[in-house]
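Structure, as structure tokens:
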Amino acid sequence: MSSAVITVQDLRKSYRYASRRGGLLGAIGGAFSPDYKLIDAVDGISFEIAAGERVAIIGPNGAGKSTTLKMLSGILEPTSGDARVFGLVPWRERKALAYRIGVVFGQRSQLWGELPARDSFALLASIYDQRGAAFEQRLKDLIERFELAPLMGQPVQRLSLGQRMRCEITASLLHAPSLLFLDEPTIGLDITAKAAIRDFITENAREEGQTVVLTSHDTRDIELVCERVIVINQGRIVVDQPTDQLRRRFLAHKLVTLHAPSRRVEIALPGVMRRASEPHLDVFEIDTRKVRVEQVIATALEGGGIEDITIEDPPMEEVVREIYAVAHD
Amino acid sequence: MVRTSLVANYAHGAAAAVRASFADRTNFILQSLSMVVNNGFMLVLWFMFFAGFRSVGGWKLADMALLIGIIMSIVGVAGIVFGGYRDMAASILSGEIDALLTQPRSVLARLLSRDSYPSAWGDLGTAIVILMAFAGLGWRDLPWLAAGWLSGLVVYIAAAVTFASLAFWISGARSLARDMTEFVILVSTYPGSIYSGASKLIAYTLLPAGFVVLTPVRLLRHPSLGTLAVVIAAAMIYAAIAAGVFHLGLKRYRRGATPVMGV
Amino acid sequence: MRYMPSLTIEATPYGFGGLRSALAAVRLGADGAMAGWPVLLGRAVFYLLLMIVLTALWDKVIAERLPGTLVAALPAGGLALYIGVTEWIGLSVPAIHLRLEDDIRSGAVETHLLRPKAYLVQRVAESLGAMLVRLAVTGAAALAMLAASGRAWPPLPALAALLVLGPLGATIGLLLFTIAGLSAFWVRRTVPAFLILQKLLFLLGGLFAPVTLYPAWLTRLAEASPFAAHMFWPASLTVDSTAAEMADALLAQLVWIALLCGLAALIWRAGLRKVLRGDL
């Protein structure tokens, strides 16, 4: 395990919930004799991540992705099992580890909304003991790479969500961490902003030889940023393989929804399957290995009468279910 | 790499919070001025009260002014420099400390420095005027004032942190912590002579107004090494309790046992 | 009258339908208050704490009996009962001004205008429901505290009169805060109006001290104000009360309720006109 940055062995985390009873009496009773429910959020996972790898941990909501990330970044203690990050036990050596990792939470900001990003960067630099000419140069490089110069003077709360996320990621890179954790970095962003963030992460990681671990429930994040995918569901690893393989087997589908009030749309092409049909609305699943999306659309448009078209990836839950079914065959 | 000291780091964080509170200038002026008016009115009521009754169990107007000046300046400085104490329970319950846990710093210090309130400047301003004009203090009182005031500040923030730390255990702790802190202020704004029996016990334990303002006032009116020792010991004990409870709670949080929204 | 479509909705006579929906709103408010029982409990604890501090203050003043001070003007039995009533009423009034501010600032008030029932009546009725629950819970805490303290009880007629004058006094408070809340039509933030009102309640409402202790001109001013009808009149029943005085207090309260309702309606219409002009 020479080059392994992260080693995880049989890591487990279970939460205990007090299930609540309704009403005043129930609440008072519950305070004395709560009914507990045990939930295994992470149920014995093991893997290794080598230096410079870009890995996605994906799975449906509540699968245990965030919990795993929190254990690896030192926020949460596991119930049992072992993990090392740079040889450190994250939850015991939190502060020592903190200097070497960067963490971005897609849903939480570490920037002051009322102040320009510059001020937050200065504060974070002091928190991570960054100063002097080397730091100034690094900040300059990051601002240039992420094209932040025009944004630096504005209060963060006036930036768009995508611009803000660029600043968030920059903030987590100020102390030059060699490992970056990203928890749902593109959540809530529009398509253009998502693409920009993906480029941003990939480019930076390549340039600095950085190891990246991200969680997401958007399949596109994985495809574009990561070379390897770990799929977890209900706290267990379902699949751990290179993105290429996974893409070929499971991420080669698109859902096309056509709104045609006056007729039922028929598309007779290989690799096109009707998923649902309602008055005014037809949904097709397209296997992009057999047919191109534009071909399908062109065929559909030939018949006329189409008012609206939506093209989407299948929801994560579906992909995982499919992977699960194959893995257990 | 040279490690920045805790104090320098704290100052940096608190300065950012203060700058953020200045960001909306109109709001800042409005809030701090209305606090001045608010406090001025309370002072007028106490003037009227003492004009009518002259004394409450030996406490005169100047003693009351001293007490109000101390508690107002404590609330003022706390709100400016340690403003994160005011809604710390909410920060805990919403899981905001996750990000702080990934930083190589004391989580408690980061939490305390993350907020600053415009109205607190109004408190501090009024307090300084009250202390200089009505509290009957002389230059020789300054060292005692500094000692008593500092101790009061520590006890006040320690109590607030302890109440907020209940959020690690109880999901409804947000309003509870806020109310308890308000109660400490309430008990701190009346003449110390009125407390006896159970109310005195509460004022010197659960709602430590006794140590926030009453012992500092006694230290100024009847300076003695004994009272000084009590003042210093109180600050140390309350600070230790707060640090202990917070860290026990943080441990619990990191085991995943805290009822946080959206784990 | 000029033709104003939305205002005609407001001007529709409510009849029994309006009364029924207002009563439903009272119930809704009461249910809401009961569902938030920890808050009710917290308020009762706050009341007890406040009473401990304030009664200790006044007991101390009275025990000292400094000659030449106002102590002579204080009632023989102390001020515990007086303070108990003012705080009971004061703590039972819901923060309706914040609700109104929210609705006006967020523009939610416009969607309410689409409904066939008067928005303001519905909101006040809802708060009235919550207020009644608060009066009951805090009142129970007050009686329990009085029993535990071993102080003398007020005469039975005064206690009975309180059952009427207390809720009426609280209603006056609710209307005062309603008017403070309607200021949001013009100043967006109700905080300034709230702070001014709070100060007036302290001084003229008798929350700080019985207004009869003030200089004669201030006493007269206070007694003629709605703030006294809110707290001072009901609270002074516990001190000394003839049937005639009770009747006078009741009359003063009813007159103020009528006047404040009218004033609130006028301000509401002016605010509504502002909304309809689109310059909110």
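To find a chain, count down the sequence lines: A is the first, B the second, and so on, and within it residues start at 1.
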Please find the pair of heavy atoms, one from [X] and one from [Y], that lie closest to each other, and give the distance.
{"X": "Phe53(B)", "Y": "Leu66(C)", "result": "O-CD1, 3.7 Å"}
{"X": "Thr69(C)", "Y": "Gly52(B)", "result": "CB-O, 3.1 Å"}
{"X": "Leu49(C)", "Y": "Val187(B)", "result": "CD2-CG2, 4.4 Å"}
{"X": "Glu64(C)", "Y": "Ser55(B)", "result": "OE2-OG, 2.6 Å"}

Which distance, rounded to the nearest 0.5 Å, do you find between the [atom1] of [X] and the [atom2] of [Y]?
{"X": "Met48(B)", "Y": "Tyr214(C)", "atom1": "CE", "atom2": "OH", "answer": "5.0 Å"}
{"X": "Leu50(C)", "Y": "Phe183(B)", "atom1": "CG", "atom2": "CZ", "answer": "8.5 Å"}
{"X": "Leu41(C)", "Y": "Leu176(B)", "atom1": "CG", "atom2": "CG", "answer": "11.0 Å"}
{"X": "Ile52(C)", "Y": "Ile194(B)", "atom1": "CD1", "atom2": "CD1", "answer": "10.5 Å"}

Should we say atom NZ of Lys199(C) is surrounded by more than 12 heavy atoms from elsewhere, each under 6.0 Å from it?
yes

Tell me if the aromatic rings of Phe49(B) and Trp58(C) count as close, with their centers under 6.0 Å from one another.
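Yes: the rings meet the under 6.0 Å criterion.
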
Sort out for me which of Leu57(C), Val61(C), Val191(C) touches chain B most, counting heavy-atom pairs under 4.5 Å.
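Sorted descending by pairs with chain B, the first entry is Leu57(C).
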
Need one label for Leu213(C): side chain, backbone, both or neither, based on atoms under 4.5 Å from any heavy atom in chain B.
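For Leu213(C), side-chain heavy atoms alone lie under 4.5 Å from chain B.
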
Under 4.5 Å from any heavy atom of chain B, what part of Phe46(C) do you find: side chain, backbone, both or neither?
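Both backbone and side chain of Phe46(C) come within 4.5 Å of chain B.
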
Leu207(B) portion near chain C, given a 4.5 angstrom heavy-atom threshold:
side chain

Contact origin within Asn38(B) toward chain C - heavy atom pairs under 4.5 Å
both

Greatest number of heavy atom pairs closer than 4.5 Å to chain C - which of Leu45(B), Val44(B), Leu186(B), Ile202(B)
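Among the listed options, the one with the most contacts to chain C is Leu45(B).
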
